[in-house]
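Note that this is a predicted model, so its numbers are computed, not measured.
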Amino acid sequence: MPTEYRSETYRVLATSLSEVLGGTTAKALEKLGLFSVDDLLHHLPRRYLSGTETTDLATLRSGSAVAVVAKVRRVERREGGRMPRLEVWLTDGSADLRATFFGRDRLIDWWQKQLALGVKGIFVGKVSLFNGALQLAHPDFVMLDEAGNIVGRATQEHEAMVRQVRRESLVGIYRSTAKLPTWRIAECVDIVLDAIKDLPDTLPDEVREAEHLLSLSDAYQGVHHPKDETARIRGAARLKFDEALALQLTMAYRRQAAAVGAAPIITTRDDALLAEFDAGLPFQLTAGQRMVGETIRAEMARPHPMQRLLQGEVGSGKTVVALRAMLAAVDAGYQAVLLAPTEVLAGQHAETIRNLLGTAALPEVRRPHPRSLQAMLDEPSLEQALPLEPAERELSPAHSELNTEAVTTAVTATEVVLLTGSLSAVARRNALNAIASGAGLVIGTHALLQSRVEFANLGLIVIDEQHRFGVEQRSLLTSKAKTHPHVLVMTATPIPRSVAMTVFGDLETLTLAELPAERQEVLTTVVNARLHPSWLARAWERVREEVAKGHQVFVVCPRISAKDDDIHDDADETDPDPDWQPSAAVEPFLAELRDTLPGLRLEMLHGRLSADTKAQVMSDFTAGRIDVLVSTTVIEVGVDQPNATMMIVMDADRFGVSQLHQLRGRIGRGAYPGVCLLVTHTDPSSPAAGRLAAVASTRDGFALAEIDLVQRREGDVLGASQSGSHSTLRLLRVIDDADLIGHARSVATRLAAADPERTDPRLADMVASVEARSADEWLERT
């Protein structure tokens, strides 16, 4: 449903491009992810050129899409090879660039004639490296005479190209498509800019003046048609401030709403589940676990919802902290739910929690969905309609719609229910009925977000690996409670402060950095198979040695099948690695390992296997019936097998720093130290090799998170994409703009406090636009 904006400017910015530019052009712009006027105006040029100057060819880099203005110095026709080619040497007076055209004789003749017509040309294409020299392969071009007019045949695109390049100001070069070149995009921007030039500003006057910012219309002109570099910088600064303020204002209002909302008052007691659990723990809680647990306990005892982000090192014991909070909720008569991003992780959490609780974890009980528990009490056949085991009869008042007050009798056990999308129809129905009837602990995946899931008395939401979810998914769970439940978000990926302000700005952060004393050392070594081929053979020998000791091994591959898309590491580097080769894939690599490691019990695990198969593989691995598990990153979080002492990550350069740190955290969790081998074929001098060296040098996840943020694009850090191909931010960059984000947070907090009801339509629309955009992104991901 379209967002109903209250101000004229936001209504215009939300206008569909089809209304302004027509359906055909709008359809072409959709390929770039541009749907509205606002989208197009935020599609900023990637670089700028001046139509009155010859391009400095010495500044060009391989892999970049460019538009160059240059003179034709020499044209040579060459016949050899499968097809004739025309080689054209372009010059700016000091440096040269070769342009190459392949085609049949008739085309070669035509190109040669066109290139000879003018004194200067505009050439648009992608720069590549061939035989050690830069070149343009098959660039689009148009030739100009002394006056700058087109000579020879001119298409509509060529005319648009020249109109843009002949501007006296800087000319933007946009990210484009084959069917919609940069010049056509520039003309679309011109049409839109003309339509919005008289719109009111979106910022309150006092804010714009205090921040010394351009008006919105001047900012758009500054980034799309800058008169000079100063105008471009000031225009971009205004739009960046707008984005930062809108994000922070949204977070400020969310914090404000949480601070005044009613939440369950959850207090601990000395004679119930949590106390018995603590007394039976076979290990001592770390000082960090106790401190974080005390903060959570105090905040859940307040009448307003706790909103906390718990970030902790891999293996720091976040699950135990979360379980203690969940048991406190059960003790107080409420349900607690844990949302996990994958079925493997959800199943692992359910098994871990049942094992930790022991006899206090009741088995799931089959029962009908309660029409109304109160109505059922009035019926004489309650025992037949809702059969309960004896232990559950003692507990049911604490976990039903009949009880919204604090529990007055001690709870000594509770039901643990698992809900995932691949459960059978019968198991799914039983789980749904148990949740609606008041099961104390609920663990599940995205299946918990569906409308059919009803909670009897939800008091606490725990979300594991929050970067895999969106705020909207968190809100969906929250909406299933009578009052705003307490929220605890966990991540094993340490979050740099700038990212935390941007993505988790509605949450206060808790940090669990201390590792339990029993955690073993993990020795990490980079195995560069390009430099030392024999090292890889030794790695498989080491696998045999670990298995001979009775231990188990993980082998991680970037892909499932050889047919899957691969990632060319450092694909945006100036000089791609000529020795690059496809990365390992689980299915073919397992077959290879069966020959390399005969006699060992090998199995594979990846996300395309059925839920039953995945569950069986994990069960077999946990029980020690599998020696070597060949897997994708599906084992990245939550998998806990104390007997696993070795991990080999194939083509480790395809992964990010934090992801490798997460993977490494799967070993050394028992009584034995671990060995992690990062196998790579990359150039030792490449940035990828530097990332691997950083992982091998430290187990400090917080230090590695900062390195990850510096070296990889925001899409990875913000969780939108493991490959880094997309970022949830438009113009902001969380490292470069950290100070701006922090300043915008202060401004937003002040604005939200001064206008808590959002009476200013500009502020209300600013928040609405952020929520509409993030909702769209979430829907695309799910």
Legend entry - Y48 side-chain N/O to V223 backbone N/O, donor-acceptor pair under 3.5 Å: yes
Inset, instruction - Decide yes or no on salt bridge (Lys or Arg N to Asp or Glu O under 4.0 Å) for D564 and R608, but give the supporting numbers first. - result: CA-CA 12 Å; D564 293 332; R608 291 183 197 150; 2.8 Å; yes
Inset, instruction - Inspect the surroundings of CH2 in W540 and state if more than 12 heavy atoms from other residues, nucleotides or ligands are less than 6.0 Å away. - result: yes
Legend entry - T525 and L523, any side-chain heavy atoms less than 4.5 Å apart: yes
Inset, instruction - Please examine the side chains of R78 and E87, heavy atoms only from C-beta on, and report whether any two atoms are closer than 4.5 Å. - result: yes
Legend entry - Main-chain N/O of L740 paired to D737 side chain as donor or acceptor, under 3.5 Å: no
Legend entry - Any donor-acceptor N/O pair, R745 side chain to A244 backbone, under 3.5 Å: no
Inset, instruction - Run the numbers on E603 and R601 for salt bridge (Lys or Arg N to Asp or Glu O under 4.0 Å), then give the verdict. - result: CA-CA 7 Å; E603 193 49 80; R601 297 168 297 176; over 6 Å; no
Inset, instruction - Taking the side chain as every heavy atom from C-beta outward, state whether L660 and L692 have any atom pair closer than 4.5 Å. - result: yes
Inset, instruction - Find the distance between CG (L90) and CZ (R98) and round it off to the nearest 0.5 Å. - result: 11.0 Å
Legend entry - Test item: side-chain donor near acceptor, N643 and T645, under 3.5 Å: no
Legend entry - Donor-acceptor under 3.5 Å (R85 side chain, T100 main chain): no
Inset, instruction - Before giving the answer on side-chain hydrogen bond (donor to acceptor under 3.5 Å, both in side chains), spell out for N528 and T680 the whole-Å C-alpha distance, their side-chain angles and the decisive distance to 0.1 Å. - result: CA-CA 5 Å; N528 194 310; T680 181; 5.3 Å; no
Legend entry - Backbone of P181 reached by a side-chain donor or acceptor of S176 within 3.5 Å: no
Inset, instruction - Begin with the C-alpha distance, continue with both residues' side-chain angles, and end with the deciding distance and a verdict on side-chain hydrogen bond (donor to acceptor under 3.5 Å, both in side chains) for T682 and R530. - result: CA-CA 7 Å; T682 194; R530 172 190 285 192; 5.8 Å; no
Inset, instruction - Say whether, by atom type as modelled, one donor and one acceptor occur between the side chain of D651 and the main chain of A584 under 3.5 angstrom. - result: yes
Inset, instruction - Kindly say whether L97 contributes a backbone atom to a donor-acceptor pair with the side chain of Q135 at under 3.5 angstrom? - result: no
Legend entry - side-chain contact (heavy atoms from CB on, under 4.5 Å) against I233, all qualifying residues, sequence neighbours excluded: E229
Inset, instruction - Calculate, to the nearest 0.5 Å, the distance between atoms CG and CG belonging to L602 and L629 respectively. - result: 9.0 Å
Inset, instruction - Would you tell me whether T632 and R559 have side-chain atoms, one donor and one acceptor, within less than 3.5 Å of each other? - result: no
Legend entry - Residues that E592 engages under side-chain contact (heavy atoms from CB on, under 4.5 Å), provided they are two or more places apart: F589
Legend entry - Whether H138 side chain and F102 backbone form a donor-acceptor pair below 3.5 Å: yes
Legend entry - F101 CZ: over 12 foreign heavy atoms closer than 6.0 Å: yes
Inset, instruction - Using a 4.5 Å cut-off on heavy atoms from C-beta on, say whether the side chain of M650 contacts that of V556. - result: no
Legend entry - Separation of M604 CE from E587 CD (nearest 0.5 Å): 5.0 Å
Inset, instruction - Drop me the distance from I173's CD1 to I185's CD1, to the nearest 0.5 angstrom. - result: 10.5 Å
Legend entry - Worked check of salt bridge (Lys or Arg N to Asp or Glu O under 4.0 Å) between K240 and E243: CA-CA 5 Å; K240 279 189 174 186; E243 181 176 10; over 6 Å; no
Inset, instruction - Show your reasoning for whether side-chain hydrogen bond (donor to acceptor under 3.5 Å, both in side chains) applies to Q552 and D627. - result: CA-CA 5 Å; Q552 292 164 285; D627 298 320; over 6 Å; no
Inset, instruction - List the steps, then state whether salt bridge (Lys or Arg N to Asp or Glu O under 4.0 Å) holds for E546 with R544. - result: CA-CA 6 Å; E546 287 299 311; R544 285 189 166 281; over 6 Å; no
Inset, instruction - Could you label the plane-to-plane angle of the F241 and H743 rings as parallel, tilted or perpendicular, counting under 30° as parallel and over 60° as perpendicular? - result: tilted
